[in-house]
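One structure below.
Just so you know, ligand 1 is whichever comes first in the structure, and atom 1 is the first atom listed for that ligand.
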Amino acid sequence: EEQLEMSKKTGDYLYQLDLESALRYSINHEISLMKSIDGEKMEALHKYLAVLAAYFPLRRHNVYLEIIRDVVEKKNAMTGEEFSQLAKTTEEEMSPVYSGAPRQWIGCKGSTDSYRGYPCGLWTMFHMLTVNFALEHNKSFVTQTFSQDPAAVLRAMHGYIGTFFGCADCAAHFVEMAGTNKIFDVRTKDEAVLWLWRAHNQVNARLSGDDTEDPEHRKIQYPAAKHCPTCRHVNNSWNEEEVLRYLKFKYSYNSIKFDGIS
Ligand code: FAD
């Protein structure tokens, strides 16, 4: 028991509860709060739902995301309220979709409620999506429609952040960085995994020492040497091959921990 607590503190793990809490918050609190969804916003929503339906690992083969995707795919416009209703009724019909109570976090738990949580969950979810896309852990044939585009998951993330992410400053920073770092130029799915890793480290560097930093979870250049000793060369520069290997290990479906859920 004590060892488990220790490894939770020092380990670098991927938790199903964090993924589900991020998904639930995104659907019920961000997309649902939009006044109207049409044009580019609707395009962003279509791409996001396509990626989620194909790569989000809901348990028990739940088709919740596929159903929402299929209904929304046929629409050019809807209100956030209509989306919210669709998500609610589908969730009731497909119950149980989620394993824990809302806003529960393990890997993304802050030392107080004002730290971490959803933004951490969203990063985690997108790393998980880029990695399992690269590992070609296709959940269904549907993925064939976009599996030819190595930037498909990044494109969905870019659209989601720019359109729905509630932190407007974060979204503006991210979209600007995406332009500078040429997000859509990635040539392979592995490059997409590394693109997001690099971008996240750039954000970590910018926010290191910021008021928003949880004093018990400092912003580091990830991964920490103790978790991946081979990820840095002796001169401290990145060994990207090893970083990729580490990311593919940490964020793979196979590594997901089911602590804290029924
Ligand atoms: P997070 O940075 O949220 O990271 C979550 C987890 O991902 C970490 O615990 C770690 O396990 C893993 N991780 C960390 N770095 C990497 C990496 N490079 N590659 C792979 N995995 C990694 N906040 C602001 O105040 N200003 C901003 O401009 C801002 N922009 C943001 C943009 C986006 C797109 C997002 C999703 C969030 C943004 N945030 C911003 C929030 C901020 O980045 C953190 O999410 C928040 O401060 C919580 O930090 P955290 O310590 O939980 O770790």
Problem - Shortest protein heavy-atom distance from atom 39 (N) of ligand 1, along with the residue and atom involved - result: Cys170 SG, 3.5 Å

Problem - Heteroatom distance test (Arg116, ligand 1): nitrogen or oxygen, under 3.5 angstrom - result: yes

Completion exercise
Check: of Arg218, His173, Lys219, His217, min heavy-atom distance to atom 28 (O) of ligand 1 comes from His173

Practice task
Please test Glu20 against Ser99 for side-chain hydrogen bond (donor to acceptor under 3.5 Å, both in side chains), starting from the C-alpha separation and ending with a verdict.
Solution key: CA-CA 8 Å; Glu20 290 185 11; Ser99 326; 3.0 Å; yes

Exercise for the section: Please work out whether any backbone atom (N, CA, C, O) or any side-chain heavy atom from C-beta onward of Asn204 is under 4.0 Å from ligand 1, and answer side chain, backbone, both or neither. Expected result: side chain

Exercise for the section: For the pair Asn181 (side chain) and Trp195 (backbone), establish whether a donor and an acceptor sit closer than 3.5 Å, ignoring hydrogens and angles. Expected result: no

Exercise for the section: Of the side chain and backbone of Ile161, name the one, both, or neither that has a heavy atom under 4.0 Å from an atom of ligand 1. Expected result: side chain

Exercise for the section: Indicate yes or no for a side-chain donor-acceptor contact from Glu213 to the backbone of Ser208 under 3.5 Å, with no hydrogens or angles considered. Expected result: no

Problem - ligand 1-proximal atoms of Lys250, by part, heavy-atom distance under 4.0 Å - result: side chain

Handout entry: Subset of ligand 1 atoms that lie under 4.0 Å from at least one heavy atom of Val203
Key = 43 (O)

Exercise for the section: Examine ligand 1 and decide if any of its atoms is less than 4.0 Å from a heavy atom belonging to Tyr115. Expected result: no

Problem - Mode of Tyr251 contact toward ligand 1 - side chain, backbone, both, neither (heavy atoms, under 4.0 Å) - result: side chain

Problem - Pair Tyr160, Ser26: side-chain N/O donor-acceptor within cut-off below 3.5 Å - result: yes

Handout entry: Tyr55 (side chain) donor-acceptor with Thr130 (main chain) under 3.5 angstrom
Key = no

Problem - contact_flag Arg198 ligand 1 heavy-atom lt 4.0 Å - result: no

Exercise for the section: Consider only side-chain N and O atoms of Ser111 and Glu216, and report whether a donor and an acceptor are under 3.5 Å apart. Expected result: no

Handout entry: His158 ring center near Phe184 ring center (under 6.0 Å)
Key = yes

Practice task
List every atom of ligand 1 that sits less than 4.0 Å from any heavy atom of Pro119, numbering the atoms from 1 in the order shown and giving each element.
Solution key: 36 (C), 41 (C), 45 (O)

Problem - Region of Leu196 that comes within reach of ligand 1 [heavy atoms, distance under 4.0 Å] - result: neither

Exercise for the section: Any atoms of ligand 1 less than 4.0 Å from a non-hydrogen atom of Asp12? List them with their elements. Expected result: 11 (O)

Fill in the blank from the handout: One should read off an interatomic distance between Leu196 CG and Asn201 CG, to the nearest 0.5 angstrom, of 10.0 Å

Problem - Phe126 and ligand 1 - part of the residue with a heavy-atom distance under 4.0 Å - result: neither

Problem - Any side-chain donor near an acceptor of the partner, Tyr222 and Lys250, under 3.5 Å - result: yes

Completion exercise
closest protein heavy atom to atom 37 (C) of ligand 1 is Trp123 NE1, 3.2 Å

Practice task
Check whether the side chains of Thr188 and Asp190 place a donor and an acceptor atom closer than 3.5 Å, and report yes or no.
Solution key: no

Fill in the blank from the handout: re atom 26 (N) of ligand 1, the protein heavy-atom contact at minimum distance is Leu207 CD2, 3.5 Å

Practice task
Quick one: look at Phe174 and ligand 1, take heavy-atom pairs under 4.0 Å, and tell me if it's side chain, backbone, both or neither.
Solution key: side chain

Problem - Proximity to ligand 1 by part of Glu213, non-hydrogen separation under 4.0 Å - result: neither

Problem - Ser21 side chain vs Leu17 backbone, donor-acceptor pair below 3.5 Å - result: yes

Handout entry: Protein contact of atom 10 (C) of ligand 1 - nearest heavy atom, named by residue and atom, plus distance
Key = Tyr222 CE1, 3.7 Å

Practice task
May I ask you to identify the nearest protein heavy atom to atom 2 (O) of ligand 1, giving residue, atom name and distance to one decimal place in Å?
Solution key: His200 NE2, 2.8 Å

Completion exercise
When distances are taken from atom 5 (C) of ligand 1, the protein heavy atom at minimum range is Cys120 SG, 3.4 Å

May I have the list of side-chain donor-acceptor pairs in residues 83-92 shorter than 3.5 Å, sequence neighbours left out?
residue, atom, partner, partner atom, Å
Thr89, OG1, Gln85, O, 2.5
Thr89, OG1, Leu86, O, 3.4
Thr90, OG1, Leu86, O, 2.5

Exercise for the section: Identify, by atom number and element, the atoms of ligand 1 in contact range of Thr212, meaning under 4.0 Å from any of its heavy atoms. Expected result: 25 (O)

Problem - Exercise: do Asn235 and Ser237 side chains pair donor with acceptor under 3.5 Å - result: yes

